[in-house]
Colleague: 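Pasting a structure here, questions to come.
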Amino acid sequence: MSRMYDRFLQGAEDAGLAAWRRELLRSARGEVLELGAGTGGNLTLYPEGVSRLVLSEPDRHMRAILQRKLGPREDVEVLAAPAEALPFPRQSFDTVVATLVLCSVEEPARALSEIHRVLRPGGTFLFLEHVGAPAGTWTRRAQALLEPVWTRLAGNCHLTRETGPLLEAAGFELAPCTEEPLPGSTTLTGRSIRGVAHPLPARRTGSSPGSS
Ligand SMILES: C[S@@+](CC[C@H](N)C(=O)[O-])C[C@H]1O[C@@H](n2cnc3c(N)ncnc32)[C@H](O)[C@@H]1O
């Protein structure tokens with residue numbers, strides 16, 4: 001899959017995904033951590049205000065392509081850590097980026113808790129993700145039905161992921177967040193959200209009613 005990935009995504013990139021990436025990454029600044037960087041689709045889009053760029057990619061095949069694209073660049077750090085276990089002290093980054101990643105992570109709540117932990121106060125989480133169709137729709141039923149097979153065929157990609165509510169439960173404030181059909185996508189992966197999330201101070205998070 002990793003070798004085919006860029007070719008597979010080219011239609012979506014041309015149909016608008018590349019423009020979405022560019023717009024999203026415009027606000028990346030300071031020390032930046034990108035999770036599940038894949039084959040480096042965002043690499044050329046980071047603006048000048050980025051002082052440090054760390055790319056994490058647990059899949060070794062994806063990582064090999066990423067390393068090849070980076071070539072001799074020594075200003076970018078690459079590591080294999082999964083989003084659920086980030087090897088950084090708390091408040092290490094100004095910006096964390098995830099594009100089309102949270103659908104694939106094994107434990108999204110844990111990954112979001114890690115992102116919250118490594119972000120500095122006032123930092124930003126920039127995300128672009130496909131999410132499950134609204135509950136009760138035929139598309140959602142089809143997604144639920146196909147998901148066990150889909151995850152095996154598509155690198156653990158989950159069709160029904162509720163990334164918006166998961167972000168809020170992890171202590172993030174979404175501002176702003178755009179919901180639009182994913183460019184060049186099928187109905188099954190067509191609903192997407194993208195935008196900026198800010199970590200709320202830890203004391204305001206948690207599961208008690210009215211605490212977020
Ligand atoms: C659909 S690809 C997206 C790649 C890239 N971010 C992009 O925008 O093109 C999903 C990526 O998430 C990575 N991934 C899967 N599980 C992960 C995890 N637990 N932590 C971090 N990345 C993960 C995969 O290896 C893969 O590179």
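Atoms within each ligand, like the ligands themselves, are counted from 1 in listed order. Quick note: residue numbers are just sequence positions, from 1.
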Colleague: Any atoms of ligand 1 less than 4.0 Å from a non-hydrogen atom of G38? List them with their elements.
Modeller: 4 (C), 27 (O)
Colleague: If I compare all heavy atoms of P165 with all of E162, which pair ends up nearest, and what's the gap?
Modeller: CD-O, 3.4 Å
Colleague: Just distances here: any N/O of S56 and N/O of ligand 1 closer than 3.5 Å?
Modeller: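 No.
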Colleague: Run the numbers for me: atoms of ligand 1, each under 4.0 Å from some heavy atom of P58, listed by number.
Modeller: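 The list of qualifying atoms is 17 (C), 18 (C), 20 (N), 21 (C), 22 (N), 23 (C).
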Colleague: Check L24 against L126 and note the closest heavy-atom contact, atom names and distance.
Modeller: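 Result for this residue pair: O-CD1, 3.4 Å.
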Colleague: N/O to N/O below 3.5 Å, does that happen between G36 and ligand 1?
Modeller: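 Yes.
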Colleague: Do you reckon I65 sits in the same ILVMFWY cluster as V78, going by side-chain contacts under 4.5 Å, direct or chained?
Modeller: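 In one cluster: no.
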Colleague: Going by the order shown, which atoms of ligand 1 are within less than 4.0 Å of some heavy atom of M62?
Modeller: 27 (O)
Colleague: Please could you name the atoms of ligand 1 that T99 approaches to less than 4.0 Å, counting only its heavy atoms?
Modeller: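 Counting from 1, the qualifying ligand atoms are 3 (C), 5 (C), 6 (N), 7 (C), 8 (O).
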Colleague: Using a strict 4.0 Å threshold on nitrogen-to-oxygen distance, state whether E57 and R63 make a salt bridge.
Modeller: no
Colleague: For ligand 1 and R21, I'd like to know whether there is a polar contact (N/O to N/O, distance under 3.5 Å).
Modeller: yes
Colleague: Should you measure from each heavy atom of D59, which atoms of ligand 1 turn up under 4.0 Å away?
Modeller: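 Every atom of ligand 1 under 4.0 Å from some heavy atom of D59: 25 (O).
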Colleague: With only distance considered, is P82 within less than 3.5 Å of ligand 1 through an N or O on each side?
Modeller: no
Colleague: Using a 4.0 Å cutoff against the non-hydrogen atoms of A37, which atoms of ligand 1 qualify?
Modeller: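 So the answer, numbered in order with elements, is 5 (C).
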Colleague: Using heavy atoms and a 4.0 Å limit, tell me yes or no: is L100 in contact with ligand 1?
Modeller: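 Under 4.0 Å: yes for L100.
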Colleague: Please work out which of the three classes, parallel, tilted or perpendicular, describes the rings of F172 and H116, given edges at 30° and 60°.
Modeller: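 If you compare the ring of H116 with that of F172, the planes turn out perpendicular.
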Colleague: Between R117 and E114, is there a side-chain N and carboxylate O pair less than 4.0 Å apart?
Modeller: yes
Colleague: We want to know whether T160 and E147 form a side-chain donor-acceptor pair, criterion being a heavy-atom distance below 3.5 angstrom.
Modeller: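 Note: T160 and E147 side chains meet the donor-acceptor criterion.
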